[in-house]
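Only heavy atoms go into these numbers, but all of them, side chains included; no hydrogens, no water, no symmetry mates. This one's a predicted model, so the numbers in the text were calculated from it and none came from an experiment.
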Amino acid sequence: MSLATDPQPTRLERMFLAVTVAFYALFIPAYYTLIRPGFSHYDEEGVLDQLQLWREGHPLPVGIGWCSVHKWMCAGLVTLGGPHLALVHLPTLMAVLLEAPLLYAWVRPKAGRRAALWAVLAHMVATVTFARGESILDCGMLPFFFLVGVMAVEGGLEALPSFGVGVYLAAMTLDYEGWAEALLFLVPYAIYLRRGRPKSLAAGLAGGLAGLGLALSFTHNFWAKVHGRAVASGPQLDLLGQIRSNVLDLILPTDRIPFADAPNHSWPSPWIWIPLAVGAVLAAKRHRWLLGLAVCGAAAVVAKGTAMEPQRLSLTYLAFSVMAGLGVARLWDGRWGRALCVGLLLFGVADEMWAWASIPASTTAILYRESVPWEDAADWLGRHQPPQGWRLITGLGGHADGAFRFLAAGAGVRPGGEVPVAFIHPAFRPAMRELAPAPHVRIGRYMPVVLWFPGPRDARRLEAIEASLEPLHVVQTTASVSDIVAAARAWLQAPGHDDIWGRTVAWCIWLRYSMLDGALEPAGVAGLLTDSLDSAQAANQFALVFRYAHPEESRCFSDKALDIDPALANLDLQERADLY
């Protein structure tokens, strides 16, 4: 399209775009810092765990689908600026900001300036994009990496650039699993653009093989990870039933987890539906590549849980946004089209913000509020640090606690101090009754934690528990699900692991990851029932896990919880589990 036939967007349209980009640049950092601090369990917590273990001398987990590129970015920023949560947020925030110019530059030659501008607006005035911008998960960067890739595919048609493009497309499998959806579109597109250019095509294929070899060289236990992901996310229904279920849940207002999309709000933003419908017709006539992108980006719709995690479909939403931009460009010149488009955008701004702001506090608490007392506890330790420094004792629960140590380091807690302080999770507070009375600080209203200042004897016991569990926690943070189950089993069977507190933690890890792996071993359940447990809360959680599929085992665990803490007798199972 020539500049002569491509009308310049109005000042009002440019103002809309400037305000939208400014919102992301200014409000999102304020949102995750002031309005909703913390990080989600267990997904975002895992990123911090891995970064902290790397800071402590362990290898940074790298491999296909391990968000490796994203973690390298975070590790570089933390190296330069220190262990601060804001730096871990920075890559996804910058990715969303850079998507605006990249998307505009990609669409402008194909559909014109107005379509490109409104494609950016449709892409950014959406709760799914807002969620990506304030997340610390690698999936938030997929559209940015895709836009870089597609522009490289279109621009590097000579042999040497094609080799580099091939390396990029294959090496990006190290990042998010959703890159497979990007490859479904980018590889055929790259081959199509290089038809009649045999040297360029051969160089691109060679680069792809080199990039894939690089990615595989970093990857260990690849098939174990694939198996674990297939069990955790694979279809439970037949293929068509799974697709139908996901599509209906995505279109209709349903309850979704906060870091994916606002609950009781359809996944495609309602304000774009009219221009999207018009643009889809235009795409079918003149821009069929858009339909291809929408279909390739929708590959995850066959997987279990995609309706609850629509960030998997961010490439489809990218295609929808471009279609909506095409629709606005067609409607704009109509008699009422301009008023309709402006009205839809203003409605969209209000609707998307309201949808996000109205997330129920209970829903947010499930994912985020558990981490808030962690931040508060880290700040408390930083403010009250004695001259001789704290000696942190962590890893006394089912969490690896790397995230807490990361927060503590960011708060100024120096490693290797002398005054022992144990970081104890709510579920393991009952185990403290075996410790001698000692000063402590209880922090947080929801899922509060305890900073316990033990005497010399108890400090030695807790440090021994920490040391014995550390290898298991490292595996928990860096390995596949099946490897974690095997490691927990081996820990429980190894001689010398006799401390009841430590065994309770190991059983919690074994049970959780066995459930994720879809292979709950009867011998393990029997051993769990006969072993001693320090935490009534752990027994309650086990009872909840088994109450439908294995009611007899559930009753046994419930009785076990009452043996540990008879005061729970007047509470039902759910009330007991919610107690801490």
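- With sequence neighbours left out, Leu435 forms a side-chain contact (heavy atoms from CB on, under 4.5 Å) with Met432, Trp452, Asp458, Arg461, Leu462, Trp501.
- Remark: side-chain polar atoms of Thr219 are paired, donor with acceptor, to backbone N or O of Ile64 under 3.5 angstrom.
- Here salt bridge (charged side-chain N to carboxylate O under 4.0 Å, His left out) pairs that include residues 404-417, with residues two or more places apart or in two chains, are Glu56-Arg405.
- Taking Trp54 as the reference, nothing meets the ring pair (Phe, Tyr, Trp, His ring centres under 6.0 Å) condition, with sequence neighbours excluded.
- Contact of the Leu142 side chain with the Trp179 side chain is registered, since non-hydrogen atoms from C-beta on lie closer than 4.5 Å.
- Every side chain to side chain donor-acceptor pair (under 3.5 Å) that Glu45 has, sequence neighbours left out, goes to His41, His399.
- For Arg460, the side-chain contact (heavy atoms from CB on, under 4.5 Å) criterion is met by Pro456, Arg457, not counting sequence neighbours.
- Annotation: side-chain contact (heavy atoms from CB on, under 4.5 Å) contacts of Thr477 (sequence neighbours excluded): Asp49, Gln50, Leu53, Ala400.
- Note: Phe423 and Trp374 have perpendicular aromatic rings, judged against thresholds of 30 and 60 degrees for the angle between ring planes.
- Judged as a side chain to side chain donor-acceptor pair (under 3.5 Å), and not counting sequence neighbours, the contacts of His473 are Gln476.
- Residue pairs that meet the salt bridge (charged side-chain N to carboxylate O under 4.0 Å, His left out) test with at least one member in residues 67-81, sequence neighbours left out, do not exist here.
- Partners of Thr306 by side chain to side chain donor-acceptor pair (under 3.5 Å), not counting sequence neighbours, listed by chain and number: Arg312.
- Every residue was checked against the ring pair (Phe, Tyr, Trp, His ring centres under 6.0 Å) condition with Phe145, not counting sequence neighbours, and none meets it.
- For His425, the side chain to side chain donor-acceptor pair (under 3.5 Å) partners are Asp401, not counting sequence neighbours.
- The side-chain contact (heavy atoms from CB on, under 4.5 Å) check on Gln493 picks up Arg489, with sequence neighbours excluded.
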